[in-house]
Amino acid sequence: MVMPAGLKPILLLLVLVLCQAAPSTQEPQEVQLRLAGPRGPAGEGRLEVLYQGRWGTVCDDGFDFHVATVACRQLGYTAAITWTHSATYGQGEGPIWLDNVQCGGNEVSLADCAHNGWGTSDCHHGEDAGVVCSGQRLRGDPPLTSAPAALGEGPGLSLEEVRIKPILAWAKLSMPVVEGAVEVKYNGRWRQVCDAGWTQNNSRVVCGTLGFPREKRVNTSFYRKLWNMKLKDPSSSLRNLSQKSSFWVHRVQCQGTEPHLSRCSTRLAPPAPSQNACPRGMHAIVSCVPGPAFQQNKNRDKKPPRKASVGKDLPVRLRAGAHAGEGRVEVLRHGQWGTVCGRRWDLAAASVVCRQLGYGTARQALLGAQMGQGLGPIHMSEVRCIGHERSLGECRFQDGEQSGCRHDDDAAVRCHVPHMDFQSQVRLAGGRSPEEGVVEVLVPVQGRLQWGAVCGAQWGLNEAMVVCRQLGLGFASHALQETWYWAGSPDASQVLMSGVRCTGTELALQQCQRHGPVHCPTGGGRFSAGVTCTTHAPDLVMNAQLVQETAYLEDRPLGLLYCAHEERCLSRSADTMQWPYGHRRLLRFSSQIHNLGRADFRPRMGRHAWTWHQCHRHFHSIEVFTHYDLLTLNGSKVAEGHKASFCLEDTNCPEGLQRRFACANFGEQGVSVGCWDTYRHDIDCQWIDITDVPPGSYTFQVVVNPKHEVAESDFSNNVLRCQCKYDGQRVWMHGCHTSDAYGADVVSEMERRERLANNLV
């Protein structure tokens, strides 16, 4: 066939374009991989590639489970558990070597997969990908290149896991298991640890690795008798097993400050080949003390609280964590909660925090506000701990306010927590993904365990949060009282739990309050409870200082308040006034609401369900976004107001962040991560109507997202309170703070002083 001459240049150009657009399938190069970022468990971190002598990262565009599987196998692990995006393990440095990586899952190396070409990327380091690989390493693999050394890679020996094997009957029945023989996994096989040279420091490290804050002494002579009895038992295989070197880990030596047993000096076999692997011939025994949240009997071993040593015993707490034992570290100092700067933050300091809170040692010491940014003072910087401290206040540190730190470097932790087997007691069924579905629980019924549904009546976000945490799926994004579009399991159609009421901090749904006999008027079925879980969530916090600085009084004519009256922004006495004559006295103020979480705050309803208000001529995406209240010092409400979210948008963002939500032209509404939404004092309904309020001292209160319509990582900071004094003509606002910004002692003292000043005892 003869091709027209005019088509040849066009076809040539088309071929060139296609060649350039096609993913690279060039000859695979020999490359090395490593996991980097904050120190954590083996097999978890930011994925980095060594190419042409330089380490670089991999962009998360197009990254999927197949890519993670190839990377984990190349790193020497058996499989991938999951992968992460958006620089979960911190932002890397240097080139971004790979972008739009496409693997089938069977490739030997990441270089065998298709990609844009080495160094060809439109990404930034905020999009660095990470992987989480299974803890079991493939046998015969060379040691990995790691930056820095991950947990599980001790000096000369790779210990994969550690566990306590219960021996006594009571220990076998307890949950968590707190006493028994120490076993470690090496090359996929569990081994006993010889008790020769075993110390209390070793026990401390084992207990910390398993999620327990401290150890206690154990009667080893009793266990020695049991051991000797088993050796004499002809039916026991223990005699033959104990003679084999492969049964033992010869010696472990810990200092007591290590975050994981693998960081201790470990010897697999004795120096001399002919020497017995365990001269004393018995396994090491440990006994651990669980933290308060994990004790079966909360009053067992209860001791009176230690007296606080001034300047030393600083209370700590974790905020915004999706799972038990993780979150942003906050310290109560000078009566006010503040954060810790991530400079020189390491596993030793993180482990002190974890033990202080009743967990074990730290799995990870996280930097760069990976659990969201705090608000308020930065109390500590460059924290240096040895590891034996009982409180973070006993460690050396610099004052954070003078260090130049910012909240984008707030420190966080992930702690080792005991295995409680809660995850096996709940499941989700019928959803489109593993993160959603009908909630089904395993509860005892007439002496046997049975799966069943949960009644959807009164089901809310607090209950859904507990379910998602129990399953290890993060936060709840939706709590559903109707699940007709999800088919539950056939063996769980009966409603076995109703009237569930959780505070939101429980570790399992079974710990929440609920009806004794099941009472579900709706009958379950399509009215069974359901949840949708998410890895990250927003966190809204009011700017207390702005409220305090902008409060003032205005006497506003009724003729200007018709629309506000229609939206119920005035007190009820306004209904009986002779409109448009007269005025209302309004306490006005500005509010600035920051999103400090790790996900955008979006209205629960889509645009199709927003309500149009003709008078103000705008849409309401959330009918009640904030509550405004004026309370007496005894807590009685004397005036109230509310603000619908007619415009939820990014009013301002920090330098480097783009505004993504704007209300103009019926645009998308929301508050981006790190940005804030400002409601100025001069817009309608941004007030409390105090026309009928007599002079006196009051508590001014603002509650953001009061009905918990939208899920957040932390609801405890949604309330702002101020001390308010009104003399009939002027108003003074002082002492404004979010509800969790100060310690209980400081808040009580503030309230006491106000009561004394007003003769209220």
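Considering only residues two or more places apart in sequence or on other chains, Gln450 meets the side chain to side chain donor-acceptor pair (under 3.5 Å) condition with Gln494. Taking Val177 as the reference, Ile164, Pro166 meet the side chain to side chain contact (heavy atoms under 4.5 Å, CB included) condition, with sequence neighbours excluded. Glu179 is linked by a salt bridge (Lys or Arg N to Asp or Glu O under 4.0 Å) to nothing, counting only residues two or more places apart in sequence or in another chain. Glu326 meets the salt bridge (Lys or Arg N to Asp or Glu O under 4.0 Å) test with Arg414; sequence neighbours excluded. For the side chain to side chain contact (heavy atoms under 4.5 Å, CB included) test, residues two or more places apart in sequence or in another chain that qualify with Arg163 are Glu183, Trp190.
Between Trp227 and His283, the ring planes lie perpendicular to each other; the angle is over 60°, past the 30° to 60° tilted range.
Other residues, nucleotides and ligands place more than 12 heavy atoms under 6.0 Å from the CZ atom of Arg384.
The distance from atom CG of Asp195 to atom CZ of Arg251, rounded to the nearest 0.5 Å, is 10.0 Å. How far CZ of Phe294 is from OH of Tyr359: 5.5 Å, rounded to the nearest 0.5 Å. In this structure, CG in Leu428 is found 7.0 Å from SG in Cys468, a value given to the nearest 0.5 Å.
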Using atom types as modelled, flag every donor-acceptor pair under 3.5 Å from a side chain in residues 167-176 to any protein atom, sequence neighbours excluded.
unit_1, atom_1, unit_2, atom_2, d
Ser174, OG, Ala171, O, 3.0
Ser174, OG, Pro176, O, 3.3

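A donor-acceptor contact shorter than 3.5 Å is absent between the side chain of Gln425 and the backbone of Val443. Distance alone, capped at 3.5 Å, is enough to place a donor-acceptor pair between the Arg598 side chain and the Gln370 backbone. Of the possible donor and acceptor atoms, none in the side chain of Trp459 sits under 3.5 Å from a partner among the backbone N and O of Val500. Under the 3.5 Å distance criterion, the side-chain polar atoms of Arg204 are matched with a main-chain donor or acceptor of Gly256. Not a single donor-acceptor pair under 3.5 Å links the side chain of Arg317 to the backbone N or O of Leu357. Side chain of Glu463 to backbone of Cys502: a donor-acceptor contact under 3.5 angstrom is found. Looking only at distances, a side-chain donor or acceptor of Gln423 sits under 3.5 Å from a matching main-chain atom of Leu471.
For Thr361 and His416, the side-chain atoms include at least one donor-acceptor pair closer than 3.5 Å. In the model, Ser203 has a side-chain atom that pairs as donor or acceptor with a side-chain atom of Trp198 under 3.5 Å. For the residue pair Gln200 and Arg217, a side-chain donor N or O sits within less than 3.5 Å of a side-chain acceptor on the partner. Counted by atom type alone, Ser498 and His515 present one or more donor-acceptor pairs between their side chains at under 3.5 Å. The closest side-chain donor-acceptor pair between Asn201 and Thr199, if any, does not fall under 3.5 angstrom. For the residue pair Glu44/Tyr89, the side-chain donor-acceptor check at 3.5 Å is satisfied.
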Dump the intermediate steps for side chain to side chain donor-acceptor pair (under 3.5 Å) on Ser489 and Glu440, then the final yes or no. CA-CA 8 Å; Ser489 305; Glu440 297 178 349; 2.9 Å; yes
Side chain to side chain donor-acceptor pair (under 3.5 Å) for Glu506 and Gln470? Distances and angles first, verdict last. CA-CA 9 Å; Glu506 294 87 352; Gln470 186 175 353; over 6 Å; no
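Ion pairing between a basic and an acidic side chain is recognised when a charged N comes within 4.0 Å of a carboxylate O; Lys185 and Glu161 show such pairing. Between Asp491 and Arg427 there is a salt bridge, since at least one side-chain N of the basic residue sits less than 4.0 Å from a carboxylate O of the acidic one.
The minimum heavy-atom distance between Cys254 and Leu261, with the atom names listed, is SG-CD1, 3.9 Å. Ala350 and Trp345 make their closest contact through CA-CZ2, 3.8 Å (heavy atoms, listed as atom of the first residue, atom of the second, distance). Taking each heavy atom of Arg328 and Met371 in turn, the nearest pair found is NH1-O, 3.2 Å. Between Cys264 and Glu258 the shortest heavy-atom distance is SG-CD, 3.8 Å. Taking all atoms of both residues into account, the shortest heavy-atom contact from Val331 to Leu392 is CG2-CD2, 4.0 Å. Nearest approach of Asn202 to Gly197, heavy atoms of both residues: ND2-O, 4.1 Å.
In this structure the side chain of Leu509 reaches within 4.5 angstrom of the side chain of Val454, judged on heavy atoms.
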